[in-house]
Every structure is written in C-alpha cells, then in structure tokens.
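Quick notes on the structure that follows.
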Amino acid sequence: MSARPGTTHEGLHQIGEVSARLGLSLRTIRYYEELGLIGPTQRTEGGFRLYSDADIDRLVLITHIKPLGLSMHAMLELLDARDTLAGTGASRAATAAAVKTLERFSGEATERVHLLRGQLAQAEQFAAQLRDELHRHRATHLVG
C-alpha cells in the first residue's frame with residue numbers, strides 16, 4: 001500500500017501520531033527501531049513509517065518493561081518469546097523454550113518490583129523529612 005503523508009491509512013498510524021498517543025519522542029521510537037525492538041508495519045512511498053495497532057501495543061509493552069531495568073538484549077529476548085507464543089506454527093521445543101523464558105522474566109520482574117518498592121519507600125521517607133524540615137523552617141523564620 002502506498003500513501004501520501006498526511007493521509008489517513010486504515011489501521012495504520014504515522015510516527016508522529018504514535019509519538020503523541022504514547023507520549024514517546026520520535027527519537028525514542030526510532031531508537032527502538034534501530035535496536036530491533038519494533039519496526040513499522042510498512043512505509044509510504046515517501047519513506048514515512050506506518051505503524052499498526054499491534055506495533056503500538058508492542059511499544060506500550062516496551063514502555064512497561066523499561067522501568068524494570070532490563071537490557072535491550074533482554075527486552076528483545078522477552079519480546080521474541082512473547083511473539084513465539086502469540087504466533088502459530090512454532091515447534092513444541094520453541095514453545096517450551098519461550099515458556100521458560102517467560103517464567104524467568106516473570107521471576108526477575110517480580111524481584112525488580114520488590115526492589116523498586118523498597119526504593120520508593122525510601123524516597124517517600126526522604127520527601128516526608130524534607131516537608132517536615134520545610135515546615136519547621138517556615139515556622140521559625142516567619143514567626144520572628
């Protein structure tokens with residue numbers, strides 16, 4: 001399908017629309033493409049990237065994975081495993097390997113969430129200390 005920039009493509013979205021919709025910069029989306037994490041479903045004759053709803057869902061998934069601190073290689077491994085399980089025709093061995101990969105990442109994600117919760121609790125405690133200190137200083141300096 002070829003199309004002119006600025007025209008509506010049924011089920012396809014230009015990179016600017018995807019960027020605005022997901023709150024990702026164009027540079028970030030292009031970077032994910034360079035890393036092989038995502039790719040446009042197709043391009044217009046002028047070379048504009050066109051993304052499907054499935055591509056957008058994959059970008060959303062990447063944004064959910066990102067806070068877990070996985071390397072790009074690990075993210076690609078996880079996405080590949082999910083693609084294997086979502087597709088049809090994968091061998092029994094490939095499916096079993098993909099399930100094992102998901103099990104491993106599930107455990108790692110759970111561990112990372114616990115770590116992030118601990119860091120968040122420390123940050124909340126520090127923020128509370130700063131608020132208390134601010135209130136004390138305001139009271140001391142404004143009462144004089």
Side-chain angles (χ1 to χ4, degrees), residues 1-139 141:
M1 167 201 264
S2 66
R4 292 186 325 270
T7 61
T8 302
H9 315 282
E10 191 168 330
L12 297 176
H13 313 275
Q14 289 188 8
I15 193 170
E17 179 186 346
V18 174
S19 170
R21 184 169 160 184
L22 299 182
L24 294 172
S25 70
L26 299 175
R27 186 176 190 186
T28 297
I29 296 170
R30 290 181 187 122
Y31 178 66
Y32 290 160
E33 183 180 341
E34 288 173 21
L35 294 173
L37 296 174
I38 186 74
T41 293
Q42 66 189 110
R43 289 181 180 259
T44 65
E45 285 180 12
F48 290 90
R49 294 165 173 86
L50 297 173
Y51 296 91
S52 68
D53 290 337
D55 297 329
I56 293 170
D57 289 345
R58 187 175 178 99
L59 277 167
V60 169
L61 178 62
I62 291 167
T63 64
H64 291 167
I65 295 170
K66 193 88 170 98
L68 296 175
L70 297 178
S71 69
M72 289 299 158
H73 174 75
M75 287 176 70
L76 188 55
E77 183 182 2
L78 175 57
L79 292 168
D80 286 347
R82 294 194 68 202
D83 290 346
T84 297
L85 294 172
T88 57
S91 69
R92 182 173 266 185
T95 300
V99 168
K100 282 196 172 290
T101 298
L102 284 185
E103 286 173 347
R104 180 170 45 91
F105 280 111
S106 176
E108 289 177 18
T110 300
E111 288 175 18
R112 181 69 177 147
V113 166
H114 291 301
L115 177 65
L116 290 170
R117 281 194 181 123
Q119 291 173 341
L120 178 59
Q122 289 175 345
E124 287 173 332
Q125 183 180 14
F126 180 66
Q129 287 174 330
L130 288 176
R131 283 191 305 273
D132 291 345
E133 186 176 333
L134 177 62
H135 292 307
R136 280 193 316 274
H137 287 293
R138 280 186 177 159
H141 294 293

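- Looking at Asp55 and His13, their side chains never bring a donor and an acceptor atom within 3.5 Å of each other.
- Inter-residue side-chain proximity for Glu133 and His137 is flagged as met; some heavy-atom pair is nearer than 4.5 Å.
- By the 4.5 Å heavy-atom criterion applied to side chains, Tyr51 and Glu33 are counted as neighbours.
- Thr95 places a side-chain N or O within 3.5 Å of a backbone atom of Ser91 that can act as its donor or acceptor partner.
- Minimum heavy-atom separation, Ala94 to Thr84: O-CG2, 3.9 Å.
- Side-chain contact between Ile56 and Arg21 is present, with heavy atoms from C-beta onward closer than 4.5 Å.
- Counting only heavy atoms from C-beta outward, the side chains of Arg58 and Asp83 approach each other to under 4.5 Å.
- Glu111 has its side chain out of reach of Leu115: every pair of non-hydrogen atoms, C-beta onward, lies at least 4.5 Å apart.
- Side-chain atoms of Ile29 and Ile15, non-hydrogen and from C-beta on, do get closer than 4.5 Å to each other.
- Few gaps surround CZ on Arg136; more than 12 heavy atoms of other groups in view lie less than 6.0 Å from it.
- Counting all heavy atoms, side chain and backbone alike, Leu76 lies closest to Gly36 at CD1-O, 3.4 Å.
- A distance-only check finds no donor-acceptor pair linking the side chain of Thr28 to the backbone of Leu24 [under 3.5 Å].
- Annotation: side chain of Thr101 is not in contact with side chain of Arg82 (no heavy-atom distance under 4.5 Å).
- With a 6.0 Å radius and a threshold of 12 heavy atoms from other residues, nucleotides or ligands, Arg112 has its CZ atom above the threshold.
- Within the 4.5 Å cutoff, the side chain of Val99 has heavy atoms near those of the Leu85 side chain.
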